[in-house]
Amino acid sequence: MATPPPPLRRAAALLLVVLAGVLASTARADLVISKADRRVDLTSHIVRILASLKVENVGPDPVSQVLLSFPNIQAKNLAAIRAFGSEGKVKGQSTILPIEVVQPSGAPPDLTFFSALLPKPLEKGKTLYLDVLTVFTHSLQPFPEEITQAEAQLVVYQDSAHYLSPYPVKAQTLAIRLPGGRVESYTRHPNAKLVDSELKYGPFHDLPPFSYLPVIVHFENNNPFAVAKEVIREIEISHWGNVQITEHYNIAHGGARLKGEFSRIDYQSRPYVRGVSSFRHLIAKLPPRAHSIYYRDEIGNISTSHVWSDSMKTQLEIEPRFPLFGGWQTTFTVGYGLPLEDFVFYSDGKRFLNITFGSPLEEVLIEKLVVKVVLPEGSKDIEVSAPFPTQQRQEVKYSHLDIVGRPVVVLEKPDVIPEHNLYFQVYYKFSNISLLTEPLMLITGFFLLFVACIVYMRTDMSISKSSPSYLAKLQWDEVQATVQKIQGIFEQCLAVHDKLEASLRDLSRTGDIQSCKAARKAADAQFKELSKDLKPLLMTLQSSPQSYQIWPKVEDLIAKEREMQEKLMTRHSTVVDSFEKKLRGQDVENRIALQQQKVAALRQEVESLLEYISEI
């Protein structure tokens, strides 16, 4: 049998010493537990213990409470305790009994006591059937604390084979349900027996008060040790028909930490061998009519999720981006909508939200849960009814079209387990007239926008026609129109130049002197017409005060074009004369070479001036 870890051995020994001194002084002789059956469920990382007790009153006086005791080392991990009782010779229908922490006189400081309050005192000779459910967190300690990717996770659990009670116990048994893997070791008492995945101790008879018999079990448990460091659950109510739930999770693997490197190849090839201690998916049970479900993280939407729904529930299976090994953690957000009529009701002049408190994720321990209930703007007289103690405060949240903000009820609770997923209520008053606030704001806003557009369209925003700026604008428009006409005339002049050049090329090809002279005569006529059209435009441009930037360039343009026209005419006459004298082609080229160079240069200057004027 493997040796249990030293801290657990020392704690068990210390508890035995303490209980030996308590035995005589703290016994309560009024009650006797004639039968105690305990069942411990270790299949999850959350430990659940159900103790079924048959309690008899053997004292002379009625008893109104039953004391429940736990070692401090165990009580510090107690997340929930519930008691159900029924009185009679046979076990009947049970009722929930209130539980409160007490400190009996003479009780040792190393024990924590709870009191189950009976609905009516238990008379002498009467019997009470009492079921006590206790749920513990962080009670399974990984041993070893670090494992490799291929190793299974082993944990250690410590308890007492005897039922630790301030009352004598006539008969009792203990059954420990294990996950089903291998069992490394367990405390072997004479009446201990391991059958399949259940470890049994007992029966034990005639045990004195505070009897304690240490039991340590070292076994394999590869179930998900999902621990949420913090969960923020926001419930936003809209009286337009929807309750929006948004849950932000920060989840870690609370088991044995991963030792060494992680191999994705090994995990993908044999995930149930090379990643047996990890978990890769979580199950959330949502209300049956949940809709608009999404699952995302900081990167974006996560597509590895599946949804199944029927008339009873909606089940969401979410898979993180990577498997979680011991010590690893991940963050994500789950959101969904619920029908308003299923969760918000009206009673006694108040509306109230009736919804579950905890997380819909299965078997997740939440170390800190923050529930925020966002009520509609204008809600007042807010009250909260929760089935267990919580820290409460109020905030204000501003959203679309809010004026004074929406009241937010904030509830906080540590160590939340699935047993805390009970219904709680938030009562508030809300007038139906407040529903019209936002639509009226939208209607008013659009109305004012349309009125502003109408006023703008019907208002003359033009500048006065007698103002200097308006007159200057008219003059500048006139200058622009005149310049465009001048540009058109000069472009026509350049087109005439091109025709003269074409007539010279035809002359050199055909030798038709008469056609070339006719082209020269037509060009002279066109130049005269263009000059006649240009003259009034130049006078108009020169007289305008807005043409001070353009006029010098126009003057240069006129001079360059006239010089180019004269050179071109001279070259044309020289070529025609040479053809009439029947000179050689080389002699003709020599005579006009210089003239041709000057014409090309002037043509380039004219085009540059036209481009410059166009830009202005």
Side-chain angles (χ1 to χ4, degrees), residues 476-544 546-616:
W476 177 247
D477 292 342
E478 185 179 359
V479 167
Q480 285 183 316
T482 304
V483 169
Q484 289 178 357
K485 293 178 181 179
I486 293 174
Q487 285 178 306
I489 291 175
F490 278 101
E491 288 173 358
Q492 294 181 40
C493 291
L494 293 178
V496 175
H497 295 170
D498 293 337
K499 290 180 180 180
L500 286 174
E501 293 286 349
S503 67
L504 292 178
R505 289 192 297 273
D506 292 341
L507 177 62
S508 62
R509 187 178 68 255
T510 61
D512 188 355
I513 297 175
Q514 295 302 322
S515 297
C516 188
K517 287 182 177 181
R520 165 68 179 273
K521 186 176 180 181
D524 287 337
Q526 288 180 348
F527 281 137
K528 289 180 181 180
E529 289 294 329
L530 293 174
S531 178
K532 183 179 178 181
D533 295 338
L534 182 60
K535 188 174 181 179
L537 295 176
L538 293 177
M539 293 177 62
T540 301
L541 184 63
Q542 187 177 9
S543 63
S544 176
Q546 297 292 332
S547 64
Y548 63 93
Q549 290 182 336
I550 299 180
W551 178 249
K553 296 297 181 181
V554 173
E555 286 185 322
D556 291 344
L557 177 63
I558 295 171
K560 296 295 182 183
E561 195 279 331
R562 285 179 179 175
E563 183 179 359
M564 182 180 68
Q565 190 179 133
E566 292 174 358
K567 298 294 183 183
L568 182 60
M569 291 299 184
T570 302
R571 185 164 69 90
H572 193 277
S573 300
T574 303
V575 172
V576 172
D577 183 63
S578 298
F579 268 84
E580 288 179 341
K581 295 179 179 180
K582 298 183 179 181
L583 298 178
R584 293 184 308 165
Q586 185 63 37
D587 294 337
V588 175
E589 292 293 332
N590 291 336
R591 293 182 64 183
I592 66 172
L594 184 60
Q595 296 174 352
Q596 190 169 355
Q597 291 177 359
K598 290 182 178 181
V599 170
L602 290 171
R603 175 71 178 250
Q604 186 174 2
E605 291 182 9
V606 169
E607 290 178 350
S608 298
L609 287 170
L610 284 173
E611 183 177 357
Y612 178 80
I613 292 173
S614 177
E615 292 177 356
I616 294 178

For D556, all residues meeting side chain to side chain contact (heavy atoms under 4.5 Å, CB included), sequence neighbours excluded: L609

Which residues share a side chain to side chain donor-acceptor pair (under 3.5 Å) with E555, sequence neighbours left out: W551

Shortest non-hydrogen separation from L500 to A519 and the atoms involved: CD2-O, 3.9 Å

Note, L494 side chain near E561 side chain (heavy atom, < 4.5 Å): no

L557 CG to E607 CD distance, which is reported to the nearest 0.5 Å: 11.0 Å

Straight-line distance of Q604 CD to S608 OG, nearest 0.5 Å: 5.5 Å

Interatomic spacing from CD in Q514 to SG in C516 - rounded to 0.5 Å: 10.0 Å

Residues forming a side chain to side chain donor-acceptor pair (under 3.5 Å) with K567, sequence neighbours excluded: none

Distance (rounded to the nearest 0.5 Å) between H572 NE2 and Q565 CD: 13.0 Å

Point-to-point distance, once rounded to the nearest 0.5 Å, from CZ of F490 to CD1 of I558: 5.0 Å

L568 vs R603 side-chain heavy atoms within contact, under 4.5 Å: no

Heavy atoms from other residues, nucleotides or ligands near CD of E478 exceed 12 (cutoff 6.0 Å): no

Pair R520-D524, salt bridge (Lys or Arg N to Asp or Glu O under 4.0 Å): steps then yes or no: CA-CA 6 Å; R520 165 68 179 273; D524 287 337; 3.5 Å; yes

Derivation and outcome, ring pair (Phe, Tyr, Trp, His ring centres under 6.0 Å), residues F527 and H497: CA-CA 10 Å; F527 281 137; H497 295 170; 5.2 Å; yes

Q492: partners by side chain to side chain donor-acceptor pair (under 3.5 Å), with sequence neighbours left out: none

Please list, one pair per line, the donor and acceptor atoms closer than 3.5 Å that link side chains of residues 531-539 to other protein atoms, with sequence neighbours excluded.
none

Pairing residues for K517 by the side chain to side chain donor-acceptor pair (under 3.5 Å) criterion, not counting sequence neighbours: E580

